[in-house]
Protein chains: 2
Amino acid sequence: MSADADKPAFDVIELLFFAYRDFVRDPDEELTAYGFGRAHHRVLHFVDRNPGLRVTELLDILKITKQSLGRVLRELVDKGFITQREGAADRRQRLLFVTERGDRLARELARLQTRRVSHALSTLDAREQEAVRRFLFEIIEPEERSKVSAVSGAEIPPRR
Amino acid sequence: MSADADKPAFDVIELLFFAYRDFVRDPDEELTAYGFGRAHHRVLHFVDRNPGLRVTELLDILKITKQSLGRVLRELVDKGFITQREGAADRRQRLLFVTERGDRLARELARLQTRRVSHALSTLDAREQEAVRRFLFEIIEPEERSKVSAVSGAEIPPRR
DNA sequence: CGAAATAAGTCAACATGGCTGACGTAATTT
DNA sequence: AAATTACGTCAGCCATGTTGACTTATTTCG
């Protein structure tokens, strides 16, 4: 096989650390201007991408507790970046939507990260770009993969 | 070009989030048994990989403050996972080394992450694997790349 | 119908790991 | 001899995660 499963993959482990460290840098800076942090970014992002998201679904995506989410969600609602609407079928639900302001911020943050990602992808041909997507997808915990496919637009080409 | 620099790269942005979320999961669990957290892991990892690392260098790698590092470093030293030795040339320096215990833990944590990474790499051919390394390397802030090459064993094949 | 389960929110207390600012000490460099 | 550097430390603050307990409204199920 090409990958020695036994020999420590130090290089990729470290690249993941450094890449992620810098991947979240630009948004982090921008967010301080709004009094927000990384946690707010994540919530805003997934609500922007999935209008009408239920709170329970968001908790499952983020893998944090209801209480942790509660704090940042309240701030996002108070400052007018997210609104909640009662579910039509199930009135216990508080479906989440971004406001126009929320959408603008979400897209600005996505633009910053897209700039970085697009640059990196531009050094690869189409097949190699697909390989990157497959690699990241396969890093994800197996039971989580179907959920990621559902929530994210990412289409992962099959192995081989 | 293959990558639309304007169209938001939502798929890769989200894959990076989910992949990193799960990438740090196994070590996080293991670490609680020692009363350590993610911050200790990072310190232990880079000292294990770079014996004799200087404190200043470590600060530059982690991009945190001296005070933040001080806390976790003290705990790692107190619990016998890291030792400090006076620099031979410059006696102001406190060069960092892992103890035998430290080495064992560092390698165990690396094993967990290697398992995940190796699996993901195994779905790719050799050229695609190189593409993954190049992608991650290009995500890193340009001025940081040479430092990463120096500290990490990662050999990044040139673009094209 | 009534009981149980579910969706969501909230209060309180605590842990981790960042941060700033101010200082101190030893050693090296200029 | 003075300035700089490497490292450490005290004190306090902030963001974001945790557990545990409890409430309210609504839906589901026997």
Side-chain angles (χ1 to χ4, degrees), chain A residues 17 20-21 24-25 27-47 52-79 82-97, chain B residues 17 20-21 24-25 27-47 52-79 82-97:
Chain A
F17 165 73
Y20 197 80
R21 182 196 67 180
V24 293
R25 233 191 218 182
D28 276 5
E29 263 181 60
E30 177 81 12
L31 285 157
T32 59
Y34 295 83
F36 291 147
R38 202 174 297 178
H40 302 84
H41 182 194
R42 295 199 275 251
V43 170
L44 191 61
H45 174 91
F46 284 108
V47 173
L53 193 64
R54 292 188 302 116
V55 171
T56 314
E57 288 170 335
L58 186 49
L59 288 174
D60 190 48
I61 289 170
L62 300 176
K63 302 278 182 227
I64 59 174
T65 58
K66 193 172 37 165
Q67 295 89 327
S68 297
L69 175 59
R71 233 174 350 214
V72 300
L73 191 52
R74 191 186 321 128
E75 290 166 354
L76 284 164
V77 170
D78 287 353
K79 292 189 182 170
I82 284 185
T83 54
Q84 304 181 273
R85 287 212 286 274
E86 206 170 60
D90 186 336
R91 289 170 43 224
R92 288 172 303 181
Q93 301 172 351
R94 298 295 135 81
L95 308 185
L96 304 171
F97 299 86
Chain B
F17 165 73
Y20 197 80
R21 181 196 67 178
V24 293
R25 233 191 220 183
D28 275 5
E29 262 181 62
E30 177 81 11
L31 285 157
T32 58
Y34 295 82
F36 290 148
R38 202 174 297 180
H40 302 85
H41 182 193
R42 296 200 274 253
V43 170
L44 191 60
H45 173 91
F46 284 108
V47 173
L53 193 64
R54 292 187 302 116
V55 170
T56 314
E57 288 170 337
L58 187 49
L59 287 174
D60 189 48
I61 289 171
L62 301 176
K63 303 276 183 229
I64 59 175
T65 59
K66 192 173 37 162
Q67 295 89 328
S68 298
L69 174 59
R71 236 176 344 215
V72 300
L73 192 51
R74 191 186 321 128
E75 289 166 355
L76 284 164
V77 170
D78 286 353
K79 293 189 182 170
I82 284 185
T83 52
Q84 303 181 275
R85 288 214 284 276
E86 207 171 60
D90 185 337
R91 288 171 45 226
R92 288 173 305 181
Q93 301 172 351
R94 298 294 136 81
L95 308 185
L96 303 171
F97 299 86

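First the proteins, then the strands, lettered A, B, ... as listed; each starts at 1. Note that the coordinates shown come from a computational prediction; the quantities given were computed from them, not determined experimentally.
In terms of position along DNA chain D, the nucleotide closest to Lys66(A) lies nearer the 5' end than the nucleotide closest to the other residue of the pair Lys66(A) and Glu86(A).
Looking at heavy-atom distances under 4.0 Å, Glu57(A) makes no contact with the nucleic acid at all. Residue contacts for Glu75(B): at a heavy-atom cut-off of 4.0 Å it reaches no nucleic acid atom on any strand shown. Among the atoms of the strands shown, only primed sugar atoms or phosphate atoms (P, OP1, OP2) are found under 4.0 Å from some heavy atom of Gly37(B).
Taking atom CZ of residue Arg25(A) and atom C1' of nucleotide dG18(C), one finds them 15 Å apart after rounding to whole Å. Protein atom CG of Leu59(B) is 15 Å distant from nucleotide atom P of dT5(D), rounded to whole Å. Taking atom CZ on Arg74(B) and atom C1' on dT16(C), their separation rounds to 14 Å, with Å as the unit. Separating the CG atom of Leu69(B) from the C1' atom of dT9(D) is a distance of 13 Å, rounded to the nearest angstrom. Rounded to an integer number of Å, the gap from Asp78(A) CG to dG9(C) C1' is 14 Å. Look at CZ on Arg94(B): it is 13 Å from C1' on dT9(D), rounded to the nearest Å. For Arg38(B) and dA15(C), the CZ to P distance is 19 Å, given to the nearest whole Å. Distance, Leu96(B) CG to dC7(D) P: 8 Å, rounded to whole Å.
In terms of polar N and O atoms assigned as donor or acceptor, the side chain of Arg92(B) never comes within less than 3.5 Å of the base of dT28(C) in a complementary pairing. Put simply, the side chain of Gln67(A) and the base of dG20(D) share a donor and an acceptor less than 3.5 Å apart. For Arg71(A) and dG17(D), a side-chain-to-base donor-acceptor distance below 3.5 Å is present, hydrogens and geometry of angles not being considered.
Lys79(A) places a side-chain heavy atom less than 4.5 Å from the side chain of Phe36(A). Side-chain contact between Phe17(B) and Val24(A) is absent, with no heavy-atom pair separated by less than 4.5 Å. The side-chain heavy atoms of Tyr34(A) and Leu76(A), taken from C-beta on, include no pair separated by under 4.5 Å. For the pair Arg54(A)/Leu95(A), a side-chain contact is recorded, criterion being any heavy-atom separation below 4.5 Å from C-beta on. Between Val72(B) and Leu69(B) the shortest side-chain heavy-atom distance falls below 4.5 Å. Using a 4.5 Å heavy-atom cutoff, the side chains of Asp60(B) and Thr56(B) are not in contact. Proximity of Gln84(A) to Leu73(A): side-chain heavy atoms (C-beta onward) are separated by under 4.5 Å at one or more points.
For Thr65(B) and dC19(C), the shortest distance from a side-chain N or O to OP1 or OP2 is below 4.0 Å. Under 4.0 angstrom from either OP1 or OP2 of dT16(D) there lies at least one side-chain N or O belonging to His40(A). Using a 4.0 Å cut-off, no side-chain N or O of Gln93(A) falls inside it from OP1 or OP2 of dT27(D). Contact check, Ser68(A) against dT18(D): a side-chain N or O comes under 4.0 Å of OP1 or OP2.
Each end of the helix from dC1(C)-dG30(D) to dT30(C)-dA1(D) gets its own axis, taken as the rotation carrying the C1' atoms of four end pairs onto the next four within a five-pair window, and the two axes meet at 30° to the nearest 10 degrees.
Out of dT9(D), dG17(D), dT27(D), the shortest distance to the side chain of Ala39(A) is found at dG17(D). Considering only the side chain of Ile64(B), dG18(C) comes nearest among dT16(D), dG18(C), dG9(C). Counting only heavy atoms from C-beta on, Arg91(A) has its side chain closest to dT26(D) among dG9(C), dT26(D), dA27(C).
Atom CG in Leu31(B) sits 9.5 Å away from atom CZ in Arg38(B) (nearest 0.5 Å).
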